[in-house]
Amino acid sequence: MKTYTDCYNLPFARFIDVIVDRNLQALVISGTATDEQLEPIWEKIYEQYNELTKNSQYSDYNARLKDYGLMKTRLVVLAGAVEVLSIAYRDDVAEALRNVGFRHTLDPMKPDAYLEELTRLSKQCGALSQRVKMAEKELNDIAEQMEKTKVTRQDFTKGIAAVSHFMGFRVDAEQVTVAEFIEYQNQLMAASRRQLNTKGQK
């Protein structure tokens with residue numbers, strides 16, 4: 001199969017088909033591909049699109065998602081370790097805690113201190129669980145907001161019309177790439193800002 005791979009070779013019309021209709025097959029140039037094969041290609045293209053358009057909401061969501069994934073992993077390791085170590089000490093489990101950033105002084109040769117340290121780790125588990133729940137809620141809130149502001153085919157049509165008017169020629173979404181269209185948009189916005197500044201100085 002041969003597919004479009006990034007914003008610099010993907011026609012803007014194909015991009016619209018994917019983002020509006022979720023038609024991943026629009027990424028195929030020749031041959032056949034399943035949606036499962038196309039999904040990672042689209043994720044890469046969409047991430048590049050948000051970088052090129054400087055979409056801060058998307059960047060914030062991605063950063064929070066990575067932090068959430070790390071916290072969730074640490075929580076799973078910590079909860080499992082506390083459960084295992086409360087039954088018997090194991091070097092590999094104690095090391096797993098250190099590997100995900102939990103410092104501890106667990107020493108099975110000192111029972112009282114061992115129990116105290118295990119209790120401390122257990123409390124950390126509760127605190128981390130609350131942080132994970134809060135992060136999950138924040139992610140859901142951002143996702144809902146992004147869904148509400150999702151663009152439609154009509155929005156893209158208006159954008160193409162505005163850019164065409166500014167450039168002085170009809171922008172063909174079948175011919176122009178995503179990156180080229182973004183550059184046209186940037187030129188339009190820069191011109192609009194200059195015009196506003198000029199009016200403000202009068």
Side-chain angles (χ1 to χ4, degrees), residues 1-80 96 99-101 128-164 171-189:
M1 68 172 180
K2 184 179 180 182
T3 68
Y4 296 105
T5 55
D6 56 43
C7 290
Y8 294 93
N9 61 21
L10 177 63
F12 193 52
R14 299 283 187 116
F15 175 84
I16 295 171
D17 287 340
V18 181
I19 202 167
V20 173
D21 301 326
R22 193 60 186 171
N23 177 21
L24 292 172
Q25 295 300 316
L27 299 175
V28 178
I29 298 174
S30 61
T32 59
T34 64
D35 283 0
E36 288 75 18
Q37 290 173 309
L38 295 170
E39 187 66 44
I41 297 173
W42 169 245
E43 287 178 359
K44 176 188 171 186
I45 291 172
Y46 189 60
E47 183 174 357
Q48 185 182 49
Y49 169 77
N50 282 287
E51 289 174 356
L52 290 172
T53 55
K54 297 179 174 59
N55 186 337
S56 58
Q57 188 180 48
Y58 178 83
S59 299
D60 180 48
Y61 180 80
N62 259 6
R64 288 172 182 266
L65 187 60
K66 289 177 182 177
D67 288 343
Y68 171 76
L70 178 59
M71 280 195 292
K72 194 74 180 287
T73 298
R74 295 183 79 227
L75 176 60
V76 169
V77 172
L78 179 59
N99 289 339
V100 293
L128 185 56
S129 179
Q130 288 301 313
R131 287 176 59 197
V132 167
K133 288 178 182 177
M134 287 178 61
E136 189 170 349
K137 182 182 182 305
E138 289 173 354
L139 280 171
N140 288 335
D141 289 344
I142 295 174
E144 286 179 10
Q145 187 60 37
M146 289 171 69
E147 187 65 28
K148 289 178 182 177
T149 56
K150 193 173 181 180
V151 291
T152 64
R153 189 172 291 275
Q154 184 179 13
D155 293 326
F156 280 117
T157 299
K158 289 179 180 178
I160 293 170
V163 167
S164 295
V171 174
D172 187 346
E174 292 286 354
Q175 299 297 322
V176 69
T177 67
V178 176
E180 287 171 335
F181 186 79
I182 292 170
E183 178 56 31
Y184 291 157
Q185 277 189 317
N186 289 340
Q187 290 179 28
L188 171 59
M189 288 187 288

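Just the heavy atoms: all of them, side chains too, but no hydrogens, waters or symmetry mates, feed the values below.
- The structure places CG of Asp35 at 11.0 Å from CD1 of Ile41, a figure rounded to the nearest 0.5 Å.
- Asn23 approaches Val18 most closely through the heavy-atom pair O-CG2, 3.2 Å.
- The distance from atom OG1 of Thr5 to atom CD1 of Ile45, rounded to the nearest 0.5 Å, is 6.5 Å.
- With salt bridges taken as basic N to acidic carboxylate O contacts below 4.0 Å, one links Arg153 and Asp21.
- Summarising the geometry of Gln37 relative to Thr34, their closest heavy-atom pair is OE1-N, 2.9 Å, with the distance given to 0.1 Å.
- The closest donor-acceptor contact from the side chain of Asp6 to the backbone of Asn9 lies under 3.5 Å.
- Taken from NZ in Lys72 to CD in Glu136, the straight-line distance is 6.0 Å, to the nearest 0.5 Å.
- For the atom pair CG of Leu139 and OH of Tyr61, the computed distance is 5.5 Å after rounding to the nearest 0.5 Å.
- Heavy-atom minimum distance, Met1 versus Thr3: SD-CG2, 4.1 Å.
- Residue Leu24 comes nearest to Leu38 through the heavy atom pair O-CD1, 3.2 Å, listed as atom of the first residue, atom of the second, then distance.
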Is there a ring-ring contact (aromatic ring centres under 6.0 Å, His included) between Phe15 and Trp42 once you walk through the steps? CA-CA 9 Å; Phe15 175 84; Trp42 169 245; 5.5 Å; yes
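- No side-chain heavy atom of Thr177 sits less than 4.5 Å from a side-chain heavy atom of Phe12.
- The environment of Met189 atom CE is dense: over 12 non-hydrogen atoms of other residues, nucleotides or ligands sit within 6.0 angstrom.
- The side chain to side chain contact (heavy atoms under 4.5 Å, CB included) test applied to Lys44 returns no partner, not counting sequence neighbours.
- In this structure, CG on Asp60 lies 4.5 Å from CD1 on Ile142, to the nearest 0.5 angstrom.
- For Cys7 against Gln48, the heavy-atom pair with the smallest separation is N-OE1, 2.6 Å.
- Between Tyr46 and Ile19, the closest heavy-atom pair is CE1-CD1, 3.5 Å.
- The backbone N or O of Ala33 lies less than 3.5 Å from a partner atom in the side chain of Gln25, making a donor-acceptor pair.
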Chi angles and distances behind the side-chain contact (heavy atoms from CB on, under 4.5 Å) call for Glu51, Glu47: CA-CA 6 Å; Glu51 289 174 356; Glu47 183 174 357; 3.9 Å; yes
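- Of the possible polar contacts, none joining the Arg14 side chain to the Val178 backbone as a donor-acceptor pair under 3.5 Å is found.
- The distance from atom CE of Met71 to atom NZ of Lys133, rounded to the nearest 0.5 Å, is 13.0 Å.
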Let me see the working for Arg74 and Leu70 under side-chain contact (heavy atoms from CB on, under 4.5 Å), right down to the final yes or no. CA-CA 6 Å; Arg74 295 183 79 227; Leu70 178 59; 4.3 Å; yes
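- Residue Phe181 forms a side chain to side chain contact (heavy atoms under 4.5 Å, CB included) with just one option from Leu52, Asn186, Ile160, Ile16, and that option is Ile160.
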